[in-house]
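Source: prediction; values computed, not measured.
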Amino acid sequence: MSAQAIVEKLKEKFPAEVLDVVEFRGETTVTVKKEQIVDICMFMRDNFGYNLLCDLCGVDYMGQAPRFMVVYNLYNITTKERFRIKAPVAEEGANIDTVSTVWGTANWHERECWDLLGIKFNNHPDLRRILMPADWEGHPLRKDYPVQGPDREPYKGRVS
């Protein structure tokens with residue numbers, strides 16, 4: 001099934017949730033409201049065979065509203081087709097439902113996104129740090145995070 005046909009079926013099933021559709025260089029990206037992300041992902045898996053979540057990541061658009069975007073890169077192993085879904089997440093109480101019940105790989109991807117950007121995944125089975133030490137303060141991929149890290153003096157150049 002073509003990406004355009006999938007988009008039409010998505011719009012038919014979730015008319016109020018589809019916010020935007022962009023096609024660029026043969027890749028389709030659909031932006032949806034976060035409230036139905038689990039249902040949308042299950043629909044993509046069950047109806048169109050997107051049985052692998054290749055990647056899940058977050059993007060920080062500091063200064064814009066909503067500040068964050070969670071990006072789901074889907075793959076259909078049988079047809080070798082890719083599809084991207086994005087869901088905007090506001091800075092205030094940055095959270096979205098987990099899709100780890102849809103794809104097991106989401107477990108670690110969501111932990112990484114939470115660890116580095118601070119986006120909480122509701123109902124996640126084990127939401128704890130995965131890359132940073134357990135006692136690390138803050139989320140280092142946020143654009144307002146201090147480059148030198150917390151409680152450290154800024155780098156002043158090499159001293160000879």
Side-chain angles (χ1 to χ4, degrees), residues 3 6-7 9-11 13-22 24 27-77 82-152 154:
I6 292 171
V7 168
K9 296 276 187 191
L10 263 174
K11 285 181 177 178
K13 176 81 174 170
F14 303 97
E17 281 75 23
V18 175
L19 300 173
D20 190 29
V21 178
V22 175
F24 182 71
E27 293 183 359
T28 302
T29 303
V30 177
T31 304
V32 299
K33 293 180 182 176
K34 73 174 189 169
E35 289 76 17
Q36 295 293 319
I37 192 64
V38 175
D39 293 336
I40 291 168
C41 288
M42 284 175 57
F43 184 72
M44 294 298 291
R45 181 196 66 192
D46 297 344
N47 294 282
F48 307 113
Y50 286 95
N51 46 8
L52 177 64
L53 176 66
C54 290
D55 188 31
L56 179 154
C57 62
V59 181
D60 184 354
Y61 293 110
M62 189 172 86
Q64 296 181 22
R67 179 174 176 174
F68 301 107
M69 190 74 71
V70 177
V71 183
Y72 303 83
N73 290 299
L74 313 181
Y75 187 68
N76 181 321
I77 295 172
R82 296 182 183 277
F83 201 88
R84 184 178 303 113
I85 294 177
K86 297 181 353 180
V89 176
E91 180 176 9
E92 183 67 33
N95 68 75
I96 188 168
D97 290 337
T98 182
V99 295
S100 63
T101 56
V102 182
W103 300 288
T105 56
N107 187 320
W108 283 38
H109 291 303
E110 290 173 348
R111 284 178 60 190
E112 178 182 14
C113 189
W114 175 80
D115 190 6
L116 299 177
L117 280 171
I119 300 170
K120 182 178 182 243
F121 290 87
N122 304 324
N123 302 315
H124 189 280
D126 187 21
L127 194 61
R128 60 187 164 100
R129 293 207 181 263
I130 192 167
L131 296 173
M132 304 305 290
D135 61 346
W136 192 267
E137 291 181 26
H139 304 282
L141 285 186
R142 285 191 174 200
K143 290 187 177 176
D144 55 358
Y145 190 81
V147 175
Q148 70 278 1
D151 301 326
R152 295 191 182 128

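Between E27 and R84 there is a salt bridge, with a side-chain nitrogen of the basic residue lying less than 4.0 Å from a carboxylate oxygen of the acidic one. A salt bridge does not link R142 with D60: every distance from a Lys NZ or Arg NE/NH1/NH2 to an Asp or Glu carboxylate oxygen is 4.0 Å or more.
In terms of heavy-atom proximity, A90 sits nearest to F68 at O-CD1, 4.2 Å. Residues F83 and M44 approach most closely at CD2-CE, 3.4 Å, considering heavy atoms. The nearest pair of heavy atoms linking T28 to A3 is OG1-CB, 3.3 Å. When all heavy atoms are compared, the tightest approach of G138 to R129 is O-NH2, 2.7 Å. Of all non-hydrogen atoms in R45 and V102, the two that sit nearest each other are NH1-O, 3.0 Å. R111 approaches D126 most closely through the heavy-atom pair CD-O, 3.2 Å.
I37 is listed as a side-chain neighbour of Y72, based on a closest heavy-atom distance under 4.5 Å. Contact annotation: the side chain of F121 never approaches that of D97 to less than 4.5 Å [non-hydrogen atoms, C-beta and beyond]. Taking 4.5 Å as the limit, some side-chain heavy atom of L56 sits within range of a side-chain heavy atom of V99. Side-chain contact between K9 and N47 is absent, with no heavy-atom pair separated by less than 4.5 Å. Within the 4.5 Å cutoff, the side chain of K86 has no heavy atoms near those of the V59 side chain. Residues N122 and T98 are not in side-chain contact: their nearest non-hydrogen atoms beyond the backbone lie 4.5 Å or more apart. The closest side-chain heavy-atom distance from E17 to L10 is not below 4.5 Å. Contact annotation: the side chain of W114 approaches that of H139 to within less than 4.5 Å [non-hydrogen atoms, C-beta and beyond].
Taken from CG in L116 to CG in L141, the straight-line distance is 4.5 Å, to the nearest 0.5 Å. Residue C54 holds its SG atom at 8.0 Å from CD1 of I77, rounded to the nearest 0.5 Å. Here C57 contributes atom SG and E112 contributes atom CD; the two are 8.5 Å apart, rounded to the nearest 0.5 Å. Separating the CG atom in L53 from the CG atom in L74 is a distance of 6.5 Å, to the nearest 0.5 Å. Note: M69 CE to L117 CG = 12.5 Å, rounded to the nearest 0.5 Å. To the nearest 0.5 Å, the span separating CD1 on I40 from CD on E35 amounts to 9.5 Å.
Remark: side-chain polar atoms of T31 are not paired, donor with acceptor, to backbone N or O of L19 under 3.5 angstrom. Between the side chain of K34 and the backbone N or O of N95, at least one donor-acceptor pair lies under 3.5 Å. With K33 contributing its side chain and A16 its backbone, the two residues share a donor-acceptor pair below 3.5 Å. Checking side-chain atoms of D115 against main-chain N and O of L131 turns up a donor-acceptor pair under 3.5 Å. Between the side chain of D144 and the backbone N or O of M62 there is no donor-acceptor pair closer than 3.5 Å. One N or O on the side chain of H124 and one on the backbone of N107 form a donor-acceptor pair closer than 3.5 Å. With N76 contributing its side chain and G49 its backbone, the two residues share a donor-acceptor pair below 3.5 Å.
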Evaluation steps, side-chain contact (heavy atoms from CB on, under 4.5 Å), between Y61 and K143: CA-CA 8 Å; Y61 293 110; K143 290 187 177 176; 5.6 Å; no
List the steps and the verdict of side-chain contact (heavy atoms from CB on, under 4.5 Å) for I130 and W108. CA-CA 8 Å; I130 192 167; W108 283 38; 3.5 Å; yes
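Using cut-offs of 30° and 60° on the angle between ring planes, the pair F14 and F43 is perpendicular.
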